[in-house]
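Counting from 1, the numbers follow the sequence of the chain as shown.
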Amino acid sequence: MKNFDLPFIPERVSKPRELGITMVMDKGLSFKDAQSLVEMSKDHIDIIKLGFGTSYFTPRLEDKIKFYQQNDIKVYLGGTLFEAFVIRGMYKEYVELITRLNIDTAEVSDGSIEISHEQKCEYIRDLKSKGFTVLSEVGSKSAEKLIPPYRWIEMMEKELQAGSWKVIAEAREGGNVGIYRGGGEVRSDLIEEITRKINVNDILWETPQKSQQIWFLKLLGPNVNLGNIATNEVIPLECLRVGLRGDTFFDYLPEHLKN
């Protein structure tokens with residue numbers, strides 16, 4: 001929804017989107033807060049992740065999932081919960097859980113646990129064969145574990161081949177691991193290597209910090225896939241995407257208006 005016309009605004013892909021995706025992290029919103037989020041921002045949210053293990057405690061969980069879905073927003077449980085089931089030998093029970101919750105999207109990750117990459121790809125293939133839309137996360141949640149660029153590329157390629165709809169570039173909710181350094185700075189050399197080999201439309205970049213969102217928007221344009229967005233940052237991010245915030249204000253204006 002737009003309240004008035006303004007020229008020189010870049011075109012955003014309309015929902016349902018395959019690119020220009022905004023993934024928002026719900027870290028335990030009440031049902032009432034979820035209603036407020038949707039009222040304000042549903043046109044700008046493609047996916048909501050119920051972060052890490054919050055779904056274990058969230059009241060009215062099934063109502064909230066159904067509500068998001070009724071408003072054309074995909075929902076999935078955080079990858080940490082997937083790992084919590086897998087490490088306990090309960091993958092079958094995990095599939096039964098998301099089936100019971102009528103969730104059609106699943107995240108496969110190994111940021112906290114150690115499993116072989118072939119086993120991870122097997123989980124992707126299995127979920128895909130069962131009709132789930134699969135996102136798979138690449139990268140470690142540990143700041144001490146640095147993965148070389150060639151390995152990022154290799155894992156992303158294999159996970160996409162196994163059936164992932166998008167591969168998520170890990171950053172955690174703080175934006176200080178994976179594709180970022182400890183202070184939140186982008187590992188630009190890593191991103192350069194990845195984007196040479198992997199179609200950027202197949203990658204969902206976790207960008208919880210404003211500076212990270214700006215960096216990717218300037219590199220890849222308004223329809224880049226961004227994730228781990230805070231619930232109160234959805235509309236501010238949309239303003240960044242189209243040049244209605246100071247940081248990207250001049251990015252889409254013609255030259256004669258910049259002088």
Evaluate whether atom NZ of Lys218 has more than 12 neighbouring non-hydrogen atoms of other residues, nucleotides or ligands under 6.0 angstrom away.
-> yes

At what distance, to the nearest 0.5 angstrom, does CE of Met156 lie from CG of Asn199?
-> 12.0 Å

Taking Lys258 for its side chain and Phe250 for its backbone only, find out whether a donor-acceptor pair lies under 3.5 Å.
-> yes

Identify the heavy atoms of Val200 and Asn225 that sit nearest to each other, and give their distance.
-> O-ND2, 3.9 Å

Are Leu190 and Leu160 in one and the same hydrophobic cluster, where Ile, Leu, Val, Met, Phe, Trp and Tyr link if side-chain heavy atoms are under 4.5 Å apart?
-> yes

Qualifying ring-ring contact (aromatic ring centres under 6.0 Å, His included) pairs with a residue from residues 106-128, counting only residues at least two apart or across chains = Phe82-Tyr123, Tyr91-Tyr123

With the threshold set at 4.0 Å, does a side-chain nitrogen-carboxylate oxygen contact exist between Lys15 and Asp46?
-> no

Around Met90, counting heavy atoms of other residues, nucleotides and ligands shown, do more than 12 lie under 6.0 Å from its CE?
-> yes

Does Glu206 use its side chain to pair, donor to acceptor, with the backbone of Asn228 at less than 3.5 Å?
-> no

Spacing of Phe132 atom CZ and Glu107 atom CD [to the nearest 0.5 Å] | 14.5 Å

Side-chain heavy atoms under 4.5 angstrom apart, residues restricted to Ile, Leu, Val, Met, Phe, Trp, Tyr: same cluster for Ile124 and Leu81?
-> yes

Run through Ile48, Ile47, Asp43 and flag the one making a side-chain contact (heavy atoms from CB on, under 4.5 Å) with Ile45.
-> Ile48

Determine, for Glu159 against Lys120, whether the closest basic-nitrogen to carboxylate-oxygen distance falls under 4.0 angstrom.
-> yes

Exam field: side chain Glu62 to backbone Leu101, donor-acceptor pair closer than 3.5 Å | no

Taking 4.0 angstrom as the limit, do Arg196 and Glu192 come out as a salt bridge?
-> yes

Exam field: side chain Thr248 to backbone Leu240, donor-acceptor pair closer than 3.5 Å | yes

Any sub-3.5 Å donor-acceptor pair from Gln212's side-chain atoms to Gln209's backbone N or O?
-> yes

Please determine if Glu238 and Arg12 form a salt bridge, counting it only when a charged side-chain N lies under 4.0 Å from a carboxylate O.
-> yes

Indicate yes or no: at least one non-hydrogen side-chain atom of Pro59 is less than 4.5 angstrom from one of Phe31.
-> no

Are more than 12 heavy atoms from other residues, nucleotides or ligands located less than 6.0 Å from atom CD of Glu11?
-> no

Residue pair Asn201 / Glu18, side-chain heavy-atom distance below 4.5 Å = no

Pair Glu93 + Arg100, salt bridge at N-O below 4.0 Å = no

Decide whether Val134 and Ile113 are clustered together by the hydrophobic rule: side chain heavy atoms of Ile, Leu, Val, Met, Phe, Trp, Tyr closer than 4.5 Å, transitively.
-> yes

If you measure only the distance, is there a donor-acceptor pair under 3.5 Å linking the side chains of Thr22 and Arg241?
-> yes

Heavy-atom donor-acceptor pair, Ser116 side chain to Gln119 backbone, under 3.5 Å = yes

